[in-house]
Amino acid sequence: MIREARKDDLEAILELYCFLHEDSIPEHNEHLAKTWDRITDDPDHHLIVNEIDGKIISSCVCVIIPNLTRNVRPYAFIENVVTHADYRKKGYAGECLAYARKIAEQNNCYKMMLLTGSKRPETLHFYENAGYNSKDKTAFIQWI
């Protein structure tokens with residue numbers, strides 16, 4: 001079942017993120033609680049989860065960003081695309097991305113963007129199959 005995250009999903013999402021690039025679950029403190037509240041309370045921040053038998057097995061984030069160009073149409077940014085290792089290559093992340101696209105369309109976005117640090121051909125092929133391309137834009141990152 002594809003849905004947006006609920007307040008009580010925090011622990012399951014943090015556990016899932018260990019399959020992304022995290023090596024541990026962050027300390028449960030006031031900063032984490034405030035950040036989680038900001039995410040779940042923001043109508044433009046969509047944390048999408050794919051749940052099977054009560055377990056969150058895949059997820060992505062879709063943030064709608066207001067914009068003054070392109071006829072004042074927003075754009076969507078996709079981040080933190082992840083699937084639990086035991087559930088990969090079954091289309092679950094693709095379902096999350098399709099749900100994100102529906103959100104972007106409902107918000108009249110003119111484009112969706114995502115970045116990946118992966119150079120693995122199968123990962124790049126996955127994003128191409130989901131409708132993304134790496135030819136239209138060049139991405140630059142500045143780490144802070």
Side-chain angles (χ1 to χ4, degrees), residues 1-120 123-124 126-134 136-144:
M1 170 177 69
I2 307 289
R3 62 176 175 81
E4 292 202 43
R6 300 182 303 250
K7 290 275 188 185
D8 64 339
D9 288 328
L10 176 60
E11 193 64 33
I13 291 167
L14 293 175
E15 289 174 11
L16 180 64
Y17 282 174
C18 288
F19 293 94
L20 184 60
H21 49 67
E22 300 300 312
D23 56 7
S24 64
I25 293 174
E27 177 184 344
H28 284 66
N29 57 26
E30 185 177 343
H31 177 63
L32 176 64
K34 284 183 178 180
T35 300
W36 182 238
D37 286 343
R38 283 184 64 195
I39 289 169
T40 56
D41 292 343
D42 183 345
D44 288 327
H45 195 131
H46 304 270
L47 203 163
I48 299 158
V49 299
N50 198 335
E51 180 181 38
I52 295 177
D53 297 328
K55 180 177 182 166
I56 293 175
I57 53 90
S58 191
S59 180
C60 75
V61 170
C62 175
V63 179
I64 307 300
I65 302 169
N67 182 38
L68 294 174
T69 66
R70 303 289 180 154
N71 205 24
V72 195
R73 291 177 65 194
Y75 57 93
F77 191 80
I78 306 299
E79 185 63 76
N80 297 337
V81 180
V82 61
T83 301
H84 187 289
D86 295 342
Y87 295 85
R88 290 186 178 152
K89 299 188 187 291
K90 296 181 173 132
Y92 299 125
E95 291 173 352
C96 289
L97 290 175
Y99 192 93
R101 182 181 174 104
K102 288 179 186 174
I103 291 170
E105 289 170 346
Q106 291 167 353
N107 282 274
N108 196 32
C109 291
Y110 77 95
K111 71 178 176 182
M112 296 176 69
M113 299 184 301
L114 67 79
L115 302 171
T116 180
S118 177
K119 306 293 185 226
R120 297 172 56 207
T123 301
L124 303 179
F126 163 74
Y127 288 123
E128 289 169 353
N129 283 342
Y132 296 86
N133 76 72
S134 60
D136 291 345
K137 298 268 185 176
T138 301
F140 291 89
I141 303 280
Q142 184 179 57
W143 297 103
I144 300 173

Heavy-atom side-chain contact between V72 and N67 under 4.5 Å: no

Do N50 and Y99 make a side-chain contact, defined as non-hydrogen atoms from C-beta onward lying under 4.5 Å apart? no

Nearest heavy-atom approach of W36 to K7 is NE1-O, 3.0 Å

In short, Y92 meets Y87 closest at the heavy-atom pair CD1-O, 3.3 Å

CD1 of I65 to NZ of K111, rounded to nearest 0.5 Å, is 9.0 Å

Correct closest heavy-atom pair for A104 and A76 would be CB-CB, 3.9 Å

(request) Verify the neighbour count for atom NZ of K102: are there more than 12 heavy atoms of other residues, nucleotides or ligands below 6.0 Å? (result) no

For C60 and C96, the nearest pair of non-hydrogen atoms, with its separation, is SG-O, 3.7 Å

| message | Using a 6.0 Å cut-off, check whether atom CZ of R3 has over 12 heavy atoms from anything other than its own residue. | response | yes

Could you please spell out the steps behind the side-chain contact (heavy atoms from CB on, under 4.5 Å) verdict for F19 and T83? CA-CA 7 Å; F19 293 94; T83 301; over 6 Å; no

| query | Got a donor-acceptor contact below 3.5 angstrom from the H84 side chain to the D86 backbone? | reply | yes

Margin query: One thing to verify: whether R6 and D8 come together as a salt bridge, which I'm taking to mean a side-chain N less than 4.0 angstrom from a carboxylate O.
Written below: yes

Here the gap from L14 atom CG to I56 atom CD1, rounded to the nearest 0.5 Å, amounts to 10.0 Å

ask   = Got a donor-acceptor contact below 3.5 angstrom from the S59 side chain to the I48 backbone?
value = yes

Rounded to the nearest 0.5 Å, the CG atom of D44 sits from the CZ atom of F77 at a distance of 15.0 Å

- Query: Any donor-acceptor pair under 3.5 Å linking the side chain of N29 with the backbone of H31?
  - Reply: yes

Exercise. Check the pair T116, L124 against side-chain contact (heavy atoms from CB on, under 4.5 Å), reporting the backbone distance first and the verdict last.
Key: CA-CA 8 Å; T116 180; L124 303 179; 3.9 Å; yes

| message | For E15 and I25: C-alpha separation, side-chain torsions, deciding distance, then whether side-chain contact (heavy atoms from CB on, under 4.5 Å) applies. | response | CA-CA 7 Å; E15 289 174 11; I25 293 174; 3.5 Å; yes

_Do the side chains of K34 and E30 get close enough for a salt bridge, i.e. N-O under 4.0 angstrom?_
yes

dist F140:CZ -> L115:CG (nearest 0.5 Å) comes out at 12.0 Å

* Asked: Can you check whether R73's main-chain N or O pairs, donor with acceptor, with N71's side chain at less than 3.5 Å?
  -> no

(message) So for atom CZ, which belongs to R88, do other residues, nucleotides or ligands contribute more than 12 heavy atoms lying within a distance under 6.0 Å?
(response) yes

Residues at least two apart in sequence or cross-chain that pass ring-ring contact (aromatic ring centres under 6.0 Å, His included) with Y132, listed by chain then number, are none

To the nearest 0.5 Å, atom CD1 of I13 lies from atom CD of E11 at 10.5 Å

Look at the side chain of D37 and the backbone N and O of T40, then say whether any donor-acceptor pair between them is shorter than 3.5 Å.
-> no

One should read off an interatomic distance between H46 NE2 and E4 CD, to the nearest 0.5 angstrom, of 5.5 Å

The residue among I103, I78, L97, I64 that forms side chain to side chain contact (heavy atoms under 4.5 Å, CB included) with M112 is I78

Can you check whether V82's main-chain N or O pairs, donor with acceptor, with S58's side chain at less than 3.5 Å? yes

Q) Going through the checks in order, is the salt bridge (Lys or Arg N to Asp or Glu O under 4.0 Å) test met by E105 and R101? A) CA-CA 6 Å; E105 289 170 346; R101 182 181 174 104; 2.9 Å; yes

Is it true that a side-chain atom of N80 and a backbone atom of V61 form a donor plus acceptor pair closer than 3.5 Å? no

